[in-house]
Asks: 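Right, I'll just put the structure down here and ask away after.
Hydrogens, waters and symmetry mates are skipped; everything else that's a heavy atom, side chains included, is used.
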Amino acid sequence: MVSSSNPDPRVRHFGFLLLENYSMIAFANAVEVLRMANLTSRQTLYTWSVCAAEGGAAQASNGLGVCGACQPEDLDRCDAVFVCGGVEVQKAISDNLIKDLRRRAARGQTLGALCTGTHALAAAGVLDGYRCAVHWENLVALRESCPKVNFALEVFVIDRERITASGGIAPLHLMLHLVRHHHGNKLAMAISEQFIVDRVRDQSDQQKLPQPEFVGPGYEHLAEAAELMAANIEEPLPLSEIADAAGISLRQLERLFHRYYKVTPAQHYLTLRLRRARELLSHTSAPIMQITVACGFQTASHFCKAYRALFGHSPSEHRRQGGSQGMVHVVGAPAPAAVQRRARIERGAPMYVS
């Protein structure tokens, strides 16, 4: 038994609002930490309520279902309510859900999101002015469609009364972080040992982006060059400038890209821009011409030709074939993203569930 370091710990009650096709791994990781906190301490430190956003039962993306024992309004007494999202999240965001989230925000309730649940909070406008975490796959589209929200690449983010985790096992680390804050490091470490978690990630830890299978000499220069490319999509940088910023020659840059990615730097940069375009086509309602400009193309014809060469169909065909399912609708034209050669995210002051 490992007791709470808090001499008079109070019971905290968390609510979980499940969207259709939610991520089971994200939801289970969050709840299991709370369960283990009670079991390890032999105290009731946490209780939780689970309900489907639309009532009844919500089915996870793996086909399993959890029967919610309550209705959304029953979560009003919770210390925090976490929206749990998954695949095709935009289909699961209803007008009723948005109204409910706005009502909770207006009454000062702490709101959280697991995995793509961040989409719902952003759609409701309750993340405007906050830093938040979202899975790296969704980062670009949400930044374009929600310019008032500061989307970060951290595994999880706690900013005042908003608590967000990116997905996968990130909710486990988020909850361990909360347990440590509420009841001390000893209990948090005991829980992580039970789950055979060898390192508890902190709020400063960032999501690990996909890398080549083999990482060897010079990869740090390649990673810096690739990061610069990803941060400068709307106004692509000259390859010579990228090489200079990475501290290598253009010839060395070409050799590194060939070694690790089997392509030239120019081909990699073009692929990044086209993948960004595909994300925007799939997850926003922005016009194709607007996406053309946002991805650094001078003309729509050049963009469409390059897009077809990589994906086998045109941007308009992508949308007609259903690529726009689950899109984030853009009201008006989003402000152009500022070109950042060394993008750094300002950190907001954290707030913990009291």
Asks: Is it true that a side-chain atom of Asn185 and a backbone atom of Arg180 form a donor plus acceptor pair closer than 3.5 Å?
Replies: no
Asks: Any idea how Phe311 and Tyr307 line up, ring-wise: parallel (<30°), tilted (30 to 60°), or perpendicular (>60°)?
Replies: tilted
Asks: Would Arg201 count as a cation-pi partner of Phe156, with NZ or CZ less than 6.0 Å from the six-membered ring centre and within 45° of the ring normal?
Replies: no
Asks: Please check: side-chain N/O of Gln290 versus main-chain N/O of Pro287, any donor-acceptor pairing under 3.5 Å?
Replies: no
Asks: Name the one of Lys99, Glu54, Glu20 that satisfies side-chain hydrogen bond (donor to acceptor under 3.5 Å, both in side chains) with Ser94?
Replies: Glu54
Asks: If we ignore hydrogens and angles and just use 3.5 Å, is the side chain of Arg273 paired with the main-chain N or O of Met229 as donor and acceptor?
Replies: no
Asks: Does the Asp159 side chain pair with the main chain of Arg131, one donor and one acceptor, at a distance under 3.5 Å?
Replies: yes
Asks: Please walk me through it: do His119 and Leu142 pass side chain to side chain contact (heavy atoms under 4.5 Å, CB included)?
Replies: CA-CA 8 Å; His119 280 255; Leu142 280 173; 3.6 Å; yes
Asks: Please check if atom CD in Glu73 has more than 12 non-hydrogen atoms from other residues, nucleotides or ligands closer than 6.0 Å.
Replies: yes
Asks: Show, in sequence, the C-alpha distance, side-chain angles and deciding distance for Ile288 and Ser316, and conclude whether the side chain to side chain contact (heavy atoms under 4.5 Å, CB included) test is met.
Replies: CA-CA 8 Å; Ile288 290 177; Ser316 56; 4.0 Å; yes
Asks: Using a 3.5 Å distance criterion without hydrogens, assess whether the side chain of Arg107 forms a donor-acceptor pair with backbone atoms of Asp76.
Replies: yes
Asks: If only atom types and distance count, is the side chain of Ser5 paired as donor or acceptor with the main-chain N or O of His183 below 3.5 Å?
Replies: yes
Asks: Taking Arg104 first and then Asp100, would you say they form a salt bridge - that is, a charged N and a carboxylate O separated by under 4.0 Å?
Replies: yes
Asks: Dump the intermediate steps for side chain to side chain contact (heavy atoms under 4.5 Å, CB included) on Thr118 and Phe151, then the final yes or no.
Replies: CA-CA 10 Å; Thr118 303; Phe151 294 100; 4.1 Å; yes
Asks: Could you tell me whether a side-chain N or O of Gln109 sits under 3.5 Å from a main-chain N or O of Cys78, the two making a donor and an acceptor?
Replies: yes
Asks: Which class fits the ring pair Phe16 and Phe82: parallel under 30°, tilted 30 to 60°, perpendicular over 60°?
Replies: parallel
Asks: Using modelled atom types only, decide if a donor and an acceptor are shared between the side chain of Arg102 and the backbone of Ala124 within a distance under 3.5 Å.
Replies: yes
Asks: Yes or no on side chain to side chain donor-acceptor pair (under 3.5 Å) for His135 and Thr116, after CA distance, side-chain angles and deciding distance?
Replies: CA-CA 7 Å; His135 193 280; Thr116 59; over 6 Å; no
Asks: Counting only heavy atoms not in His313 (residues, nucleotides, ligands), do more than 12 fall under 6.0 Å from its NE2?
Replies: yes
Asks: What's the verdict on side chain to side chain contact (heavy atoms under 4.5 Å, CB included) for Ile93 and Ile98, showing C-alpha distance, side-chain angles and the deciding distance?
Replies: CA-CA 7 Å; Ile93 300 176; Ile98 288 176; 3.9 Å; yes
Asks: Measure the acute angle between the ring planes of Phe27 and Tyr22, then classify it against the limits of 30° and 60° as parallel, tilted or perpendicular.
Replies: perpendicular
